[in-house]
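Structure first, commentary second.
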Amino acid sequence: MDALDPIESVNTFIGTKDEGNTFPGASMPFGKAHSSPIGSHYAGYRYDDQQIRGFGHFFLSGAGCWEQGGLVPILPVTGLPQTFDHKRYASAYTHDGEIGKPGYYKVKLDRDITVECTATTRAGVERYTFPGGVRGTLLVNVGQANDKEPVSASSVKVLDDRTITGTVETQAFCGGRPYVTYFTTRFDRPFEEFGTWGPSGSRPGQRESAGGAGLRGAWVTFGPGPVTAMTALSQVDAQGAGNNLETETTGKTFDDMRNEAQEAWRAELGCIEIETEDWDERAVFYTALYHVLLQPLTGSDADGRYRGFDGQIHQADGWTYYEYYSLWDTYRAHNQLLALLRTTRSKDIARSILAIHEQGGWLPRWAYANQETNCMTGDPVTPFLVDLWRFGHLAGFEEQAYQALLQNADGVPPQSSRFQGRSGNPNYLAKGFVQYDKRFPKKGQDTDPHHGASATLEYALADATLAIMAEALGHTEDAERLRTRGLNHRALWDNSVTDRGFTGFPRPKLQNGAWLTPFTPQGPEGFHEGTAWQYQWLCQHDIAGLITALGGKAAAEARLDDFFAYEDLLVDPKRTVREKWVVGPYDYYNQFRYNPNNEPDLHAPWMYALIGKPEKTSVVVRAAQTLFVNGPAGVTGNDDLGTMSAWYVFSALGMYPAVPGTGEFVPHAPKFTRAVIHLENGKDIVIEAEAADVTKTQVVQRIRSGWRSKAKDRIELAELFSGTTLVVDLRTLSN
């Protein structure tokens with residue numbers, strides 16, 4: 001196969017250690033269903049697991065909470081186990097010969113059983129090959145899923161000699177409620193024996209088992225030879241699962257479906273071409289792009305039906321409904337990368353978010369299946385949707401989207417609503433800040449007053465972003481009001497706080513306006529998954545205000561230098577980022593340095609450029625890129641549904657969307673000598689950096705293009721969509 005085939009450039013094991021929480025198995029781009037091994041980790045598979053419990057059919061990629069799927073795991077065995085607990089009947093396996101590529105996974109289990117996985121958009125598919133002459137049994141487990149994924153009810157029915165159907169009720173992610181998934185599993189040849197099991201044990205020849213929590217499933221035994229199992233999912237109904245299976249798998253062999261999946265991935269990954277002679281660098285880049293293109297997940301069935309946020313069944317005619325939105329993460333980079341690369345899907349994503357509002361009454365924050373989990377804080381849906389508007393993906397829906405965003409920005413959902421929305425709005429709108437109050441009632445995992453300081457900063461950024469859309473749509477009074485609210489982050493700036501020789505930090509306020517006491521900028525109080533050191537930079541829309549608060553540009557630069565350990569980066573960037581930056585994936589607090597593993601300060605490297613020191617942005621970004629490597633531990637922190645991977649793709653290309661809603665990208669030193677982005681409109685973005693060398697610390701000397709004759713301190717969206725060639729002259733820093 002061609003060495004430059006993007007399929008061969010992806011290593012799906014990247015991120016399967018050190019809490020990257022990716023999965024190595026098979027999928028289609030943005031697919032509803034998957035086929036991937038399950039081990040002892042809550043995300044499914046961990047590279048150093050010793051056993052595989054089964055091959056599940058639904059996963060999230062890189063999420064940080066428990067309840068991450070692994071539904072209907074199937075394990076091949078050569079005889080019935082003594083117990084039907086998959087933690088005990090799990091099989092040993094070997095990494096020798098294990099393959100993880102887009103659309104295909106292969107592994108050898110104990111007893112010389114080989115498993116291959118592929119997928120269609122709505123079905124996970126396995127081919128099980130047993131030793132010659134051996135009758136094989138498949139254990140179809142509906143009562144268990146990923147570790148720490150509670151199954152509260154399940155059912156299974158042996159329909160005929162090739163088909164099993166059933167339901168699984170599992171807990172939704174991070175504070176959500178139980179929801180039901182329907183499945184149909186079909187085999188490519190008839191089985192000879194079957195049975196079901198329940199909490200009381202095995203029942204040979206029995207066709208059904210149903211009930212609440214507890215061990216439950218079905219087993220089927222085949223004559224010698226390979227067996228292909230195809231499992232389709234639906235959140236609509238049993239008919240939906242069956243129709244998904246018929247539509248996507250009928251008349252196709254395992255190899256047919258594998259070829260279709262890999263061709264689909266080849267087309268998706270081909271949207272960017274890079275030139276590099278370093279195979280590891282190529283693998284890291286294309287695996288990051290692969291992880292970006294996994295989600296959000298297809299929500300509508302093959303017939304267009306989907307279950308909405310009102311619990312009812314709706315129809316998506318002529319478009320695809322997408323679901324699973326980790327907006328607190330994805331609004332910062334993932335959303336913009338999809339909006340640039342996959343415009344057709346992004347338009348459907350925007351329409352899907354509006355459908356959530358239509359059916360649920362409010363906009364989401366962390367939407368899982370057809371419910372709002374209320375996970376995380378702030379107002380991420382505003383920059384998310386405003387950016388989609390800015391990219392042109394809300395055409396025909398602009399006013400509808402604006403009114404939904406304004407309702408969200410100015411109001412609070414009623415207590416009867418499952419949506420929590422801006423729960424800190426009453427105080428924010430009256431006094432300009434969200435109070436810090438750990439006793440504030442919550443509807444799910446999180447609520448904004450529990451993290452009042454960071455929520456204030458997030459609200460202000462959202463307001464400033466929405467003001468841009470309001471002005472463009474002619475809502476002048478709204479725009480002025482929102483711009484003023486966009487400065488509310490200043491209300492939390494306390495010039496009396498000193499840390500590490502620097503004075504002035506954002507500080508939580510209580511309901512009555514008093515400062516939280518005691519307080520340290522390195523502590524956890526008032527900030528969500530970060531500290532005042534990391535959140536002080538979350539005002540990229542108000543650089544003038546930040547520079548003033550910090551005491552001028554020189555003082556701002558000095559503080560950034562300390563934040564990144566900049567002088568050490570110049571001497572030994574690879575060592576510095578692993579020793580002086582935040583290292584652990586969950587080390588959110590008691591920190592004063594850049595956290596490259598989590599979202600609140602992802603944009604911070606570009607704050608140098610925004611204050612007029614762009615060369616330092618390039619130094620920091622090039623250093624941060626060394627954290628992404630071609631191995632299981634190759635992702636920083638949780639990949640968070642492709643967010644960290646999107647950060648890497650942008651960083652490698654040499655531009656980043658640092659300020660939401662502006663449609664502007666801040667440039668820095670690209671990683672490759674040449675990259676070509678093929679847009680869906682037929683235009684190409686060509687980025688040429690002839691002197692690029694990843695072994696050196698390099699900064700931008702000049703950027704040239706045919707788009708207007710002016711200094712390139714920003715790259716405009718209009719230029720990108722019209723097709724352009726950016727010629728980047730680089731200069732190497734001497735240490």
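The side-chain heavy atoms of Phe563 and Asp601, taken from C-beta on, include a pair separated by under 4.5 Å. Thr12 has its side chain out of reach of Thr22: every pair of non-hydrogen atoms, C-beta onward, lies at least 4.5 Å apart. Contact of the His528 side chain with the His450 side chain is not registered, since no non-hydrogen atoms from C-beta on lie closer than 4.5 Å. Using a 4.5 Å cut-off on side-chain heavy atoms (C-beta onward), Pro364 and Tyr325 make no contact. Taking 4.5 Å as the limit, every side-chain heavy atom of Leu297 sits out of range of all side-chain heavy atoms of Tyr322. A 4.5 Å side-chain heavy-atom check between Phe30 and Thr320 finds every atom pair outside the cut-off. Between Ile38 and Phe59 there is a side-chain heavy-atom pair separated by less than 4.5 Å. Counting heavy atoms from C-beta outward, Pro614 and Val700 have side chains that stay 4.5 Å or more apart.
Within the model, atoms CG of Asn598 and CG of Asp587 stand 10.5 Å from one another, a figure rounded to the nearest 0.5 Å. The CD1 atom of Ile272 sits 5.0 Å away from the CG atom of Leu653 when rounded to the nearest 0.5 Å. A distance of 7.0 Å separates CG in Leu289 from CG in Leu337, rounded to the nearest 0.5 Å. We find the CG-NE2 distance between Asn21 and His41 to be 4.5 Å, quoted to the nearest 0.5 Å. Atom NZ of residue Lys101 and atom CZ of residue Phe13 lie 9.0 Å apart, to the nearest 0.5 angstrom. Distance check: Cys375 SG to Leu327 CG gives 11.0 Å after rounding to the nearest 0.5 Å.
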**Request:** Verify side-chain contact (heavy atoms from CB on, under 4.5 Å) between Val621 and Trp606, making sure each step is shown before the conclusion.
**Result:** CA-CA 9 Å; Val621 170; Trp606 289 271; 3.6 Å; yes

**Prompt:** Should Ser651 and Gln625 be marked as a side-chain hydrogen bond (donor to acceptor under 3.5 Å, both in side chains) after you check the CA-CA gap, both sets of side-chain angles, and the distance that decides it?
**Reply:** CA-CA 8 Å; Ser651 79; Gln625 289 167 347; 3.1 Å; yes

**Request:** Report the C-alpha separation of Ser40 and Asp49 in whole Å, then their side-chain angles, then the decisive distance to 0.1 Å, and conclude whether the side-chain hydrogen bond (donor to acceptor under 3.5 Å, both in side chains) test is met.
**Result:** CA-CA 7 Å; Ser40 65; Asp49 273 333; 2.6 Å; yes

**Prompt:** So Met655 and Val666, side-chain contact (heavy atoms from CB on, under 4.5 Å) or not? Walk me through it.
**Reply:** CA-CA 5 Å; Met655 56 182 180; Val666 182; over 6 Å; no

**Asked** How far apart are the C-alpha atoms of Thr298 and Thr121, what are their side-chain angles, what is the distance that settles it, and do they pass the side-chain hydrogen bond (donor to acceptor under 3.5 Å, both in side chains) test?
**Response** CA-CA 8 Å; Thr298 298; Thr121 299; 5.6 Å; no

**Request:** Assess whether side-chain hydrogen bond (donor to acceptor under 3.5 Å, both in side chains) is satisfied between Glu680 and Thr343, documenting all intermediate values.
**Result:** CA-CA 7 Å; Glu680 286 188 4; Thr343 55; 2.8 Å; yes

**Prompt:** Going through the checks in order, is the side-chain contact (heavy atoms from CB on, under 4.5 Å) test met by Leu269 and Tyr290?
**Reply:** CA-CA 7 Å; Leu269 294 167; Tyr290 165 79; 4.1 Å; yes

**Prompt:** Checking side-chain contact (heavy atoms from CB on, under 4.5 Å) for the pair Leu610/Arg714: CA distance, chi angles, key distance, verdict?
**Reply:** CA-CA 10 Å; Leu610 295 178; Arg714 301 289 186 274; 3.2 Å; yes

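Open room surrounds CH2 on Trp66; 12 or fewer heavy atoms of other groups in view lie less than 6.0 Å from it. Crowding of Lys442 atom NZ: a count of heavy atoms from other residues, nucleotides or ligands under 6.0 Å exceeding 12.
Between the Tyr179 side chain and the Thr170 main chain, no donor and acceptor come within less than 3.5 Å of each other. Side-chain atoms of Asn370 never come within 3.5 Å of backbone atoms of Phe309 as a donor-acceptor pair (strictly under, hydrogens ignored). Tyr535 places no side-chain N or O within donor-acceptor distance of the main-chain N or O of Glu458, the cut-off being under 3.5 Å. Using a distance-only test at 3.5 Å, with no hydrogens or angles considered, no donor-acceptor pair links the side chain of Ser35 to the main chain of Cys117. Put simply, the side chain of Asn335 gets close to the backbone of Phe384: a donor and an acceptor are under 3.5 Å apart. Between the side chain of Thr456 and the backbone N or O of Val434 there is at least one donor-acceptor pair closer than 3.5 Å. Proximity of a side-chain donor or acceptor of Gln534 to a complementary backbone N or O of Pro600 within less than 3.5 Å is not detected. Listed for the His541 side chain is no donor-acceptor partner under 3.5 Å among the backbone atoms of Val659. A distance-only check finds a donor-acceptor pair linking the side chain of Asp446 to the backbone of Met376 [under 3.5 Å]. Asn374 places a side-chain N or O within 3.5 Å of a backbone atom of Arg418 that can act as its donor or acceptor partner.
Close placement of the Tyr594 and Phe564 rings is indicated, their centers lying within 6.0 Å of each other.
With Tyr324 as the partner, the ring pair (Phe, Tyr, Trp, His ring centres under 6.0 Å) test is satisfied by one option alone out of Phe173, Trp366, Phe58: Phe58. Checking His393, Arg332, Gln336 one by one against Asp387, the side-chain hydrogen bond (donor to acceptor under 3.5 Å, both in side chains) holds for a single residue, Gln336.
Asp278 and Thr276 get closest at one heavy-atom pair: N-OG1, 3.1 Å. Of all heavy-atom pairs spanning Ile274 and Arg282, the tightest one is O-NH1, 3.6 Å. The minimum heavy-atom distance between Ala172 and Tyr368, with the atom names listed, is CB-CD2, 3.6 Å. In terms of heavy atoms, Phe721 sits closest to Ala339 at CZ-O, 3.8 Å. Of all non-hydrogen atoms in Ser27 and Ala119, the two that sit nearest each other are CA-CB, 3.7 Å. What you find for Trp581 and Ala623 is that their closest heavy atoms are CH2-CB, 4.5 Å.
Taking 4.0 Å as the cut-off between side-chain N and carboxylate O, Asp463 and Arg422 count as a salt-bridged pair. Classification of Arg177 and Glu67 as a salt-bridged pair fails, no side-chain N sitting under 4.0 Å from a carboxylate O. Taking the charged nitrogens against the carboxylate oxygens, Lys443 and Glu372 have no contact shorter than 4.0 Å, which rules out a salt bridge. By the 4.0 Å N-to-carboxylate-O rule, Asp448 lies close enough to Arg365 to be salt-bridged with it.
Cation-pi check for Lys616 over Tyr566 is met; the charged atom lies under 6.0 angstrom from the ring centroid and within 45 degrees of its normal.
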